[in-house]
Undergrad: 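Structure provided below as structure tokens; questions to follow.
We use all heavy atoms of the structure for the numbers below, so side chains are in, but hydrogens, waters and symmetry mates are not. Letters A, B, ... mirror the listed sequences (proteins, then strands); counts begin at 1.
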Amino acid sequence: MPIHNMEIADQFNRLADLLELEGANPFRVRAYRNAARTVGGLPQSVTDMLKRGKPLTDLPGIGEDLAGKIAAVCKTGHLPLLEEIEKRLPPALTELMQIEGLGPKRVKALHRQLKIESLKDLERAARSGRIAELKGFGPKTQAAILERLGRHTGQVHRVRLADAEQIVKPLLEHLSAAPGMEEVVVAGSFRRRMETVGDIDILAITARAAAAMDRFVSYEDVVEVSSQGETRASVRLRSGLNVDLRVVPRSSYGAALYYFTGSKAHSIAVRRIAIKKGYKVNEYGIYRGSRRVGGRTEAEIFDRLGLSFIPPELRENRGEIEAAQEGRLPVLITLDDIRGDLHCHTKATDGHDTLQAMAEAARSRGYEYMAITDHSRHVAMAHGLDRKRLLQQIRAIDRLNEKLDGFVVLKAIELDILADGSLDLPDDVLKELDLTVCSVHYKFDLPRRQQTERILRAMNHRYFSILGHATGRLINEREGYEVDLERILEEAAKTGCIIELNAQPTRLDISDVYCKLAKELGVKIAISTDSHTTDNLDFMRFGVDQARRGWLEAGDVVNTRRLPELRKLLRRA
DNA sequence: GCCGTTTTCGGCCCGACTGTTTTCAGTCG
């Protein structure tokens, strides 16, 4: 049973928590957290890296010691240092640190002085009033602990980006109406266009900070004001989402936007460069000594530090800073680069709109082509097309194309990859199509090796064009099936198969790190909406966001091409 | 624990807010 990256990351994070409780060197703690983040975000499994003899010390923030520990976990499943510390400290103490407002120092004090080892202990102590008596604690802290305990579910909840957008939009409108408000923007992971966000960071430019604060905390969806100062406030919304507002003057706009966009790892790395160059960067500006030398725009900061402008989507400290130093940042794809959509359904299966309506909707978005990819027969739930109905649809598309001027509907299908890796319809009908999107819809529970072989076998079929939603995950709803995506991408590089980036906000499949790996391997990506209504075509922008996070340029994406060029890419040797 | 245009030791990002204090530690982002 190979150890997954996430398991290693979990062990390191737990170790970091416990070390922090023990009062270890905070930079040592950070090293473990960084390692957890690095390993957790890798597109390939470290088990495989080790097998292939790739040195783990090549990974940023992984030195000899951590490389050895990672290798040990891969080999044995155990991290001896973690187990050693768990003998000294109750492992459940790390749960206490999940409670907002409880950090290592307070948890340590609660453990030492009140023998609190679990959430249950914590609740009992708070109810009995013993916490308020501790030095450094008080009645307010005790009440806050009780209140947050009641809300604690044990899991961090992240909201899908598209859902966050719907929550944020009316709030921005509300804030914009504050007297003296000059500008309101969202920073944080929302601006970096992460597939999910944990909270919302809003930046407001105004000379009247107090008015902005008042307007913010009085928003109708606010259920709790967690903190409120002169320039900063935090609230919790009815939806459960936390929102931070930060007010800055116009002159600090760029510095503040940069700082609050993050990511944290990116900010730390850039500030380190700033220090080396004799600067200090904070949310008010960039300074040489006590003299402020910039910060009105983000560009001023990048310029000072000798970096080219790094788009927010890349700010994850995954190589973008080095690329910016060397002037080799990618020119990221934009929505305007997209010329068509290659995965769309109609009423013929589980879509809601007609062939013609879909075509017109695509055309009205400025596209030059779209592929109609209804389901194949095996997806019975969606009344998948059999040979006869597919041929009917092909003829209907031919008739429609005769009427359309300057727009082409491509004949295609979303073809089920059967459990043995064969495709759901015979070659004699597939050969009539312009392309196929081949996807897994059943048998999610195959063992990883078998699932991978299933897809690899399908990919070697002569009429296989694009692999649809490659992992089958639904964000916040279900994990994808177990599959070796790195091997699939390597095979795609060999065979010329295209990999889909499914733009449905609940899918965004494949993820950003796999987009980057695909690019590095030379694999072409199709960003497709998997539309089931005409409105769904607008999901393209979420796909483009994800592609940008994955470093993709227009040239990496097939549906940025004009039709003749696309056809060439689809024609396989 | 990592890392090197401060280079193998001695640094490691930086400020706001809260609740507890009587000048600040702890937490958070």
Undergrad: Could you state the CZ-P distance from Phe190(A) to dG29(B), rounded to the nearest angstrom?
TA: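 The distance from CZ of Phe190(A) to P of dG29(B) comes to 18 Å, rounded to the nearest Å.
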
Undergrad: Check side chain to side chain contact (heavy atoms under 4.5 Å, CB included) between Lys120(A) and all other residues, then give those that pass, not counting sequence neighbours.
TA: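 Only Ser118(A), Arg124(A) meet the side chain to side chain contact (heavy atoms under 4.5 Å, CB included) criterion with Lys120(A).
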
Undergrad: What is the per-nucleotide protein-contact pattern of nucleotides 13-23 of chain B, from the 5' end, where B denotes a base atom under 4.0 Å from a protein heavy atom, S denotes such proximity for sugar-phosphate atoms only, and - denotes neither?
TA: BBSSSSSS---

Undergrad: When you compare dG19(B) with dC12(B), how far apart are their C1' atoms, in angstrom units rounded to a whole number?
TA: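 Rounded to whole Å, the distance is 29 Å.
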
Undergrad: Does any pair with a residue in residues 199-208 of chain A pass side-chain hydrogen bond (donor to acceptor under 3.5 Å, both in side chains), and if so which ones, sequence neighbours excluded?
TA: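 Every pair satisfying side-chain hydrogen bond (donor to acceptor under 3.5 Å, both in side chains) with a residue in residues 199-208 of chain A: there are none.
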
Undergrad: Work out how far the C1' atom of dT22(B) is from that of dG11(B), and round it to whole angstrom.
TA: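 Result for the C1' pair: 34 Å, nearest Å.
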
Undergrad: Would you indicate what Pro26(A) reaches in the nucleic acid, counting non-hydrogen atoms under 4.0 angstrom: base, sugar-phosphate, or nothing?
TA: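 Here Pro26(A) touches no strand at all.
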
Undergrad: Considering only residues two or more places apart or on different chains, which pairs with a residue in residues 217-228 of chain A satisfy side-chain hydrogen bond (donor to acceptor under 3.5 Å, both in side chains)?
TA: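 Applying side-chain hydrogen bond (donor to acceptor under 3.5 Å, both in side chains) to every pair that reaches into residues 217-228 of chain A, excluding sequence neighbours, yields Arg151(A)-Glu224(A), Asp221(A)-Arg238(A), Glu224(A)-Arg236(A).
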
Undergrad: For dT21(B) and dG26(B), measure between their P atoms and round to the nearest Å.
TA: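 Those two atoms are separated by 13 Å.
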
Undergrad: Tell me what Asn34(A) touches on the nucleic acid: a base, only sugar-phosphate, or nothing, going by heavy atoms under 4.0 Å.
TA: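 The answer is nothing, as Asn34(A) stays clear of every strand by at least 4.0 Å.
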
Undergrad: Measure from OH on Tyr32(A) to P on dC2(B) and round the result to the nearest Å.
TA: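 Distance check: Tyr32(A) OH to dC2(B) P gives 8 Å.
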
Undergrad: Whole-Å distance between dC28(B) P and Lys105(A) NZ?
TA: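 In whole Å, dC28(B) P lies 12 Å from Lys105(A) NZ.
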
Undergrad: If you compare all heavy atoms of Val168(A) against all heavy atoms of Phe190(A), which two are closest, and at what distance to 0.1 Å?
TA: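 So the two residues come closest at CG2-CE1, 4.1 Å.
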
Undergrad: Base, sugar-phosphate, or nothing for Lys69(A), non-hydrogen atoms under 4.0 angstrom?
TA: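 Here Lys69(A) touches the backbone only, sparing every base.
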
Undergrad: Considering only the P atoms, how many Å lie between dC3(B) and dA16(B), rounded to the nearest integer?
TA: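 Pairwise P distance, dC3(B) against dA16(B), rounds to 31 Å.
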
Undergrad: Would you kindly check if the NZ (Lys) or CZ (Arg) of Arg250(A) is within the cone defined by 45 degrees around the ring axis of Tyr253(A) and under 6.0 Å from the six-membered ring centre?
TA: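 Output yes; distance and angle both within limits.
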
Undergrad: Expressed as a whole number of angstroms, how long is the span from Leu96(A):CG to dT27(B):C1'?
TA: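 These atoms are roughly 15 Å apart.
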
Undergrad: Measure from CD1 on Ile273(A) to P on dG11(B) and round the result to the nearest Å.
TA: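 Between P of dG11(B) and CD1 of Ile273(A): 21 Å.
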
Undergrad: If I pick the C1' atom on dA25(B) and the same atom on dT20(B), what distance separates them, to the nearest angstrom?
TA: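 About 9 Å, rounded to a whole number of Å.
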
Undergrad: Per the salt bridge (Lys or Arg N to Asp or Glu O under 4.0 Å) rule, what does the pair list look like for residues 292-303 of chain A, sequence neighbours excluded?
TA: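 Residue pairs with at least one partner in residues 292-303 of chain A: Arg191(A)-Glu298(A), Glu298(A)-Arg315(A).
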
Undergrad: Only pairs under 3.5 Å count here: list side-chain donor-acceptor contacts from residues 512-520 of chain A, not counting sequence neighbours, and write none if there are none.
TA:
| from | atom 1 | to | atom 2 | distance (Å) |
| --- | --- | --- | --- | --- |
| Asp512(A) | OD2 | Arg318(A) | NH1 | 3.4 |
| Asp512(A) | OD2 | Arg549(A) | NE | 3.2 |
| Asp512(A) | OD2 | Arg549(A) | NH2 | 3.1 |
| Tyr514(A) | OH | Pro43(A) | O | 2.7 |
| Lys516(A) | NZ | Arg318(A) | O | 3.1 |
| Lys519(A) | NZ | Trp551(A) | O | 3.0 |
| Lys519(A) | NZ | Glu553(A) | OE2 | 2.9 |
| Lys519(A) | NZ | Asp556(A) | OD2 | 2.7 |

Undergrad: Tell me: NZ of Lys108(A) to P of dT27(B), nearest whole Å?
TA: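 Rounded to the whole Å, the gap is 11 Å.
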
Undergrad: In whole angstrom, give me the gap between the C1' atoms of dC17(B) and dT6(B).
TA: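 It comes out at 34 Å once rounded to the nearest Å.
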
Undergrad: Where each residue is assigned the nucleotide of DNA chain B containing its nearest heavy atom, which of Asn242(A) and Gly63(A) is assigned the position nearer the 5′ end?
TA: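 Going by which nucleotide is closer to the 5' end, it is Gly63(A).
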
Undergrad: What is the distance, to the nearest angstrom, from the CG atom on Asp201(A) to the P atom on dC28(B)?
TA: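 Whole-Å distance recorded here is 15 Å.
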
Undergrad: Quote, to the nearest angstrom, the P distance that separates dC2(B) from dG15(B).
TA: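 Taking atom P in both dC2(B) and dG15(B), they lie 28 Å apart.
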
Undergrad: Find the distance Asn13(A):CG to dG1(B):P and express it as a whole number of Å.
TA: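 Atom-to-atom, Asn13(A) to dG1(B), this comes out as 16 Å.
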
Undergrad: So which nucleotide does dG10(B) pair with, by the Watson-Crick or G-U wobble rule with both distances under 3.5 Å?
TA: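 WC or wobble partner is dC3(B).
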
Undergrad: Could you point out which residue of Glu482(A), Glu195(A), Glu479(A) forms a salt bridge (charged side-chain N to carboxylate O under 4.0 Å, His left out) with Arg473(A)?
TA: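 Result for salt bridge (charged side-chain N to carboxylate O under 4.0 Å, His left out) with Arg473(A): Glu195(A).
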
